[in-house]
Amino acid sequence: MNQSRSGYPVNQDSIRQEPRLLAAGPDAGWARHLDTFGQWEPQAAGPGLLEVLAESGLTGRGGAAFETWRKATATAGTGRKGLFAARPVVIANGAEGEPLSFKDRTLLAHAPHLVIDGLTALAAALGQTGGRTSSQAGAGGTSMYVYAPAASLARVKQALGERPGGRKIRVVQAPETFISGESSAVVNMIENGTALPTDQRRRLSESGLNGRPTLVVNVETLAQVALIARYGAQWFRQAGTATDPGTRLVSVSGPAPTRDVVLEVPGGVQLSAVLKEAGMDPGSLSAVLVGGYHGRWVRPADHALTPAGAPGRAVRPGAGVIHALDLQTCGIQETARILNYLAGQSARQCGPCMFGLPAMASVLNRIAGGETNPRLGSELDRLGRLVSGRGACRHPEGTTGMVSSALDVFAADFRAHLSGYCTGPGGVAA
Amino acid sequence: MKTYLHIDWTSCDGRGLCSELLPAVLDRDDWGYPVARGKVGRDRTDVPLRDADRDAAQEAVFLCPRLALSLVERAAPEAGQRTPGRTPGR
Ligand code: SF4
Ligand code: SF4
């Protein structure tokens, strides 16, 4: 790999990446975890951790790619304001409502201790900045939770039982709905037992779980925090690019020979390199859904996988989902299938989402089903513009963003469908 | 500081009283729910107000039968900083 003068890799065509997050191997228990990563006291890593995270440039791996240190600092800052500072809450979010995502589940199965290390260290950092002492419950008085689906919880509980201090961390089961991992839904589930997003007039960083400043962090982000806390910001930056440092896990799925695989890839890697590494030939694919059901369809080539970058040359990894379509699958039908699912996953709380997404789905179903009214295309577009930005959570704009990328990438198929050509399997995009 | 009209979509039932009181600010969609005129993205949930619209907005806040409206005073947020949630925007 070429190295730039700063020491960062500049050629991101290569995907060769030493495993970091999964370095301890399959099903790593407490002993193997310590063997691999070294003896370490996460509680003691709190002081200075937010500064190290800022240097590292770590961004959230759950979808929004927000800088982790900023999000943490916002929570730490509000805890300090009042006379009786509210003790903050940190929640490890392992809910993967996204049907195409399985990297968080994989991480929790094989490296639960790394996630718990990150959770404890970050909680200690928040407790620290609030001036609280570690005599209070948890790390520096901060409450800790792990929120994950049933399938992952047994492993998490086992890991918590294996390690000293593990019992201070509470576990809560996430339901299997698309929206269950949205941060206000996470807080609502822990507080009230319903995993529905709540109106976000007040930020969770100010008033979240039981009114306390609350930080909801994706489990992979926490595992990255643990590694950065151990090995430092410079070590983290040895992978990836200057603007997208480090590595990320991606859940890759697609036509045979690929089954579902989780890969750890450097920031800024080329999408086509990831597809090849997963065993697919980019030339035999019609399109790739990147970022998941709230992501974008793109052509299989010429895109760097990175949260920030010129549209057309970069595509946001979101929650790290990469799903490839072969030439035989109709992109319009696939998009209609996903939109039907998303319309059904609206939490039916907010009018524009509850009525708008099913209306969009019905229009797209008519197009996919071969109805030749040329006005259906503009109606789909109009409905998308009508619902976006209007909901307690970002489900409406996430959904319409995915649909509008389909209108782009499968434009030729749409035109053909709407003017009465049956393009058959694969469509004209093939 | 800037004033925003915040719409709590989980409470609004879309009968459109607010759009009658604030015709310059709010339109109605196909189902009766308020749509901020000329705004895109999250500005349609936290609608930035001109000073001239504040009184009418205050009245809508009082009269909304579902208590779905509120006025929020705050510094204009940096892009992307409003709700660092899990689901990505565009
Ligand atoms: S926008 Fe949709 S998914 Fe989000 S809270 Fe409202 S109804 Fe539920
Ligand atoms: S008056 Fe209140 S409930 Fe009625 S449409 Fe407006 S915001 Fe919704």
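Every chain is numbered from 1 and lettered A, B, ... according to where its sequence line falls, protein lines coming before strand lines.
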What's the verdict on side-chain contact (heavy atoms from CB on, under 4.5 Å) for A/Arg201 and B/Asp8, showing C-alpha distance, side-chain angles and the deciding distance? CA-CA 8 Å; A/Arg201 201 196 137 164; B/Asp8 174 355; over 6 Å; no

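- Taking a 6.0 Å sphere around CZ of B/Arg37, one finds it holds more than 12 heavy atoms contributed by other residues, nucleotides or ligands.
- In terms of heavy-atom proximity, B/Thr10 sits nearest to A/Pro197 at CG2-O, 4.4 Å.
- Rounding to the nearest 0.5 Å places CZ of A/Arg390 at 14.0 Å from NZ of B/Lys39.
- Contact annotation for A/Arg382: only side-chain heavy atoms (C-beta onward) come within less than 4.5 Å of a heavy atom of chain B.
- No more than 12 heavy atoms of other residues, nucleotides or ligands sit less than 6.0 Å from atom CZ of B/Arg15.
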Go through the steps for A/Leu386 and B/Tyr33 under the test side-chain contact (heavy atoms from CB on, under 4.5 Å), then give the verdict. CA-CA 11 Å; A/Leu386 194 58; B/Tyr33 294 88; over 6 Å; no

Let me see the working for A/Leu383 and B/Asp30 under side-chain contact (heavy atoms from CB on, under 4.5 Å), right down to the final yes or no. CA-CA 9 Å; A/Leu383 287 169; B/Asp30 297 18; 4.1 Å; yes

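- With sequence neighbours excluded, no residue forms a ring-ring contact (aromatic ring centres under 6.0 Å, His included) with B/Trp9.
- The candidate with the highest count of non-hydrogen atom pairs below 4.5 Å against chain B, out of A/Ala185, A/Ala392, A/Gly391, is A/Gly391.
- For chain B, the option among A/Gly60, A/Pro396, A/Ser405, A/Gly356 with the highest count of heavy-atom pairs below 4.5 Å is A/Gly356.
- For A/Arg348, no part sits under 4.5 Å from any heavy atom of chain B, backbone or side chain.
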Apply side-chain contact (heavy atoms from CB on, under 4.5 Å) to B/Thr45 and A/Gln200, showing your working. CA-CA 10 Å; B/Thr45 291; A/Gln200 282 162 35; over 6 Å; no

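- Ranking A/Gly292, A/Pro307, A/Ser184, A/Pro352 against chain B, the residue ahead of the rest is A/Pro352, based on heavy-atom pairs under 4.5 Å.
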